Participant: 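Here you go, one structure.
No experiment lies behind these values; they were computed from the predicted model shown. Naming: A, B, ... by sequence-line order, numbering from 1 per chain.
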There are 2 protein chains.
Amino acid sequence: MTVTLADVAARAQVSPATVSRVLNGNYPVAAATRERVLRAVDDLDYVLNGPASALAAATSDLVGILVNDIADPFFGIMAGAVQSEIVGPGGRAGGERLAVVCNTGGSPERELTYLTLLQRQRAAAVVLTGGAVEDAEHAKAISGKLRRLADAGTRVVLCGRPPVPDADAVALAFDNRGGGKALTDHLLDLGHRRIGYIAGPEERTTTRHRLEGHRAALAARGVPDDAGWTVHGPYDRRSGYEATVELLRRAPSLTAVVAANDTVALGACAALREAGLSIPGDVSVAGFDDLPFSVDAVPALTTVRLPLAEAGARAGRIAMGREAAPAGGMAVVQGELMVRRSTGVPSKA
Amino acid sequence: MTVTLADVAARAQVSPATVSRVLNGNYPVAAATRERVLRAVDDLDYVLNGPASALAAATSDLVGILVNDIADPFFGIMAGAVQSEIVGPGGRAGGERLAVVCNTGGSPERELTYLTLLQRQRAAAVVLTGGAVEDAEHAKAISGKLRRLADAGTRVVLCGRPPVPDADAVALAFDNRGGGKALTDHLLDLGHRRIGYIAGPEERTTTRHRLEGHRAALAARGVPDDAGWTVHGPYDRRSGYEATVELLRRAPSLTAVVAANDTVALGACAALREAGLSIPGDVSVAGFDDLPFSVDAVPALTTVRLPLAEAGARAGRIAMGREAAPAGGMAVVQGELMVRRSTGVPSKA
DNA sequence: CTGTTAGCGCATTCAT
DNA sequence: ATGAATGCGCTAACAG
């Protein structure tokens with residue numbers, strides 16, 4: 001029924017091994033026979049059996065990409081960049097690798113499950129994006145799983161995620177703390193002293209680092225940080241909206257709101273507008289990430305640009321061994337403060 | 001080195017066949033032996049070899065999802081929805097299927113390449129999203145490829161894409177024409193008569209259908225359609241910006257601009273603002289898709305909501321055989337006109 | 001440069 | 001309910 005390599009060999013009048021060599025191209029084959037084989041492949045409309053190939057060679061051409069939410073451009077941009085760099089040797093159409101995108105929803109269990117599934121597939125590499133959940137037990141489980149993946153020959157790269165101890169994984173970490181500090185420094189420079197903070201989900205490295213940067217900036221100037229001015233919530237628009245309503249209730253005197261990311265900031269802006277407050281006239285707003293839509297927000301959003309595409313591309317190249325891993329197995333990727341119109345001098349007393 | 005099923009069998013003192021049966025669960029096994037096997041699996045930290053399993057069983061648990069651009073939420077939302085519905089039988093963690101997301105960039109060649117790659121992997125199903133390129137030769141190639149995939153047992157579902165002749169593929173098509181017509185009808189109702197149109201890339205079904213809807217609305221009211229008022233470009237922000245600059249140059253008297261999608265509309269808004277024009281005071285703007293950020297645009301964007309998540313989820317279920325295919329192998333998914341603040345009564349004469 | 005020979009690890013007949 | 005045997009389709013030594 002289905003055409004196999006042996007069929008091709010028969011038609012080209014060569015041995016199966018030769019066909020295999022032609023197809024994989026990592027072995028010298030006479031030009032004439034190659035032609036003959038290729039023609040036979042074409043004639044028979046032959047398609048290599050991936051599983052069989054992977055079984056025999058003990059490696060597959062699948063690359064796993066773990067993301068929290070593929071519908072979020074933050075992850076979509078990184079995933080796309082990784083995928084663009086995992087082309088096979090020679091860049092040939094047939095030699096490409098496939099990206100397996102796994103939506104973890106930020107759940108540690110699903111993360112583990114997907115890693116096991118990728119291990120089962122004998123994935124060539126795995127790229128983990130997004131912040132990690134801060135839980136000792138889970139951290140150990142992940143670390144062990146990553147180690148076993150690496151032992152099995154799967155290259156592991158962390159993109160936008162802090163290093164994992166004892167895991168033999170290359171880490172490209174975003175400087176969330178530095179970015180968070182730069183953002184709040186900017187607001188302090190403008191004269192803000194009562195700044196609300198809409199943080200991401202608790203127990204996340206990203207959340208904690210950004211918040212730490214914020215607090216470090218405040219502490220450096222001796223500005224008091226009221227605990228009630230910080231609210232946690234998921235990384236979505238609704239969370240920004242609701243958190244802002246809550247902040248406005250708790251502390252109507254706030255002159256600025258820093259959001260966990262741009263999406264949250266958009267929700268915050270909506271809530272402020274509905275409350276009849278102008279931005280930045282009454283309240284300044286800042287985001288994080290600089291997603292594509294942020295420059296088109298009205299007013300354009302002050303935020304910290306993270307080079308998502310560049311980081312993803314680099315992670316992809318490292319995962320493919322096409323680029324050397326950074327010294328020490330880790331690199332810090334800096335963000336860049338983008339000052340736009342959503343932040344200004346506070347007008348309230 | 002690596003633990004195999006045989007190792008597990010030895011430890012559990014059963015035959016490899018029994019272990020296989022326990023793992024797959026599609027065969028009666030005594031509770032006691034099952035326990036023993038499961039314990040052995042745990043003790044040895046055994047992970048099934050996917051390729052070997054796929055080779056022996058002649059099916060894999062990979063599901064392909066073709067998208068134009070995974071960084072675009074339009075596709076990210078659909079991909080995420082598909083992925084959420086392709087859980088394996090029983091919903092068990094270990095029984096899940098993996099989503100292979102393929103970024104085609106809208107290129108027919110890459111589309112074909114990825115389909116071949118998925119065929120090679122013996123994918124359980126393939127979901128194609130996004131509009132198709134309108135080219136006879138390519139259409140035939142795709143059609144043939146899809147047929148062969150279906151013949152090999154891969155279920156094929158088109159999501160947001162018109163049916164493919166002779167391909168035995170279920171199609172969930174968006175009513176782009178109806179949506180386009182509703183949008184332009186809305187503008188005509190408001191009194192607009194000089195409407196610019198920023199269309200998507202040429203030779204795309206999505207582009208053509210939306211444009212046809214626009215023209216049908218104009219024709220129905222006898223409103224002339226100046227060829228110079230339509231500009232084509234990619235589905236991105238920049239295209240919207242540049243096209244709007246061009247439209248403003250060509251026809252300063254336009255009172256409304258309809259964009260190919262929301263992202264393009266955002267670019268159009270930016271260009272209008274820079275030109276000192278107010279929205280909708282001077283020019284009304286409308287988008288398409290109703291992506292999450294559109295409601296937060298200022299002014300909030302009038303657009304056509306496409307139920308991307310619902311369609312993707314349904315495509316996923318159909319791909320898994322968990323939902324019956326629609327009668328005739330195709331269903332039309334309606335959009336919904338969302339009238340918001342970016343459109344209003346024209347002020348110009 | 002090419003053919004021959006063995007498995008890769010598992011699912012599935014058949015037996016029992 | 002379980003075990004033994006066979007082959008899925010391919011790659012990787014090893015010869016020649």
Participant: Would you say Ser53(B) places a side-chain N or O within less than 4.0 Å of OP1 or OP2 belonging to dA11(C)?
Facilitator: yes
Participant: Tell me whether the side-chain N or O atoms of Arg21(B) pair up with the base of dG3(D) as donor and acceptor below 3.5 Å, since no angle test is needed here.
Facilitator: yes
Participant: Does Asp135(B) CG have over 12 foreign heavy atoms under 6.0 Å away?
Facilitator: yes
Participant: Sub-3.5 Å donor-acceptor pair from the side chain of Arg147(B) to the main-chain atoms of Asp166(B), do we have one?
Facilitator: yes
Participant: Any idea which of dA11(C), dG9(C), dC8(C) is nearest the Asn24(B) side chain?
Facilitator: dA11(C)
Participant: Side chains of Arg161(B) and Thr129(B): closer than 4.5 Å at any heavy-atom pair?
Facilitator: no
Participant: Side-chain N or O of Thr18(B) versus OP1/OP2 of dT2(D): is the shortest distance under 4.0 Å?
Facilitator: no
Participant: At less than 4.0 Å, is any side-chain N or O atom of Thr33(A) found next to OP1 or OP2 of dT2(C)? Yes or no.
Facilitator: yes
Participant: Can you see whether Ser107(A) engages Thr104(A) through a side-chain donor-acceptor pair at a distance of less than 3.5 angstrom?
Facilitator: no
Participant: With DNA chain D as reference, determine whether Ser20(A) or Ala52(B) sits nearer its 5' end, using the nearest nucleotide of each.
Facilitator: Ala52(B)
Participant: Could you check Arg36(B) against Gly50(A) and say which one's nearest nucleotide on DNA chain D is further toward the 5' end?
Facilitator: Arg36(B)
Participant: Taking the side chain of Leu48(B) as its heavy atoms from C-beta onward, which of dA11(C), dT2(D), dG9(C) lies nearest to it?
Facilitator: dA11(C)
Participant: Taking CG from Asn26(B) and C1' from dC10(C), how many angstroms apart are they, rounded to a whole number?
Facilitator: 13 Å
Participant: Would you kindly say whether Gln121(A) and Asn49(B) are connected by a side-chain donor-acceptor distance under 3.5 Å?
Facilitator: no
Participant: Any base atoms under 4.0 Å from Val14(A), or only sugar-phosphate, or nothing? Heavy atoms, all strands.
Facilitator: sugar-phosphate
Participant: Would you mind telling me which of dA11(C), dT2(D), dC8(C) lies closest to the side-chain atoms of Ala57(B)?
Facilitator: dA11(C)
Participant: Is the number of heavy atoms from other residues, nucleotides or ligands under 6.0 Å of Gln13(A) CD greater than 12?
Facilitator: no
Participant: I need the CG-P distance between Leu23(B) and dC10(C), as an integer number of Å.
Facilitator: 9 Å
Participant: Looking at the side chain of Thr2(B), which of dC10(C), dG3(D), dG9(C) is the nearest nucleotide?
Facilitator: dG9(C)
Participant: Among dT12(C), dA11(C), dG3(C), which is the nearest nucleotide to the side chain of Ala56(B)?
Facilitator: dA11(C)
Participant: Please give, in whole Å, the distance from dG7(D) P to Leu55(B) CG?
Facilitator: 14 Å
Participant: Between Asn49(A) and dC8(D), is there a side-chain N or O to OP1/OP2 distance below 4.0 Å?
Facilitator: no
Participant: Can you tell me how far P of dC10(C) sits from CD of Gln121(A), to the nearest Å?
Facilitator: 13 Å
Participant: Taking the side chain of Tyr27(A) as its heavy atoms from C-beta onward, which of dT2(C), dC10(C), dA4(D) lies nearest to it?
Facilitator: dT2(C)
Participant: Taking any heavy-atom pair under 4.0 Å as a contact, classify Ala58(A): base, sugar-phosphate, or nothing.
Facilitator: nothing
Participant: For Arg122(B) and dA11(C), give me the distance from atom CZ to atom P, rounded to whole Å.
Facilitator: 17 Å
Participant: As a test of reading the structure: which of dT13(C), dC1(C), dA11(C) is closest to the side chain of Leu5(B), going by heavy atoms?
Facilitator: dA11(C)
Participant: Nearest to the side chain of Thr4(A) - dG3(C), dG3(D), dG9(D)?
Facilitator: dG9(D)
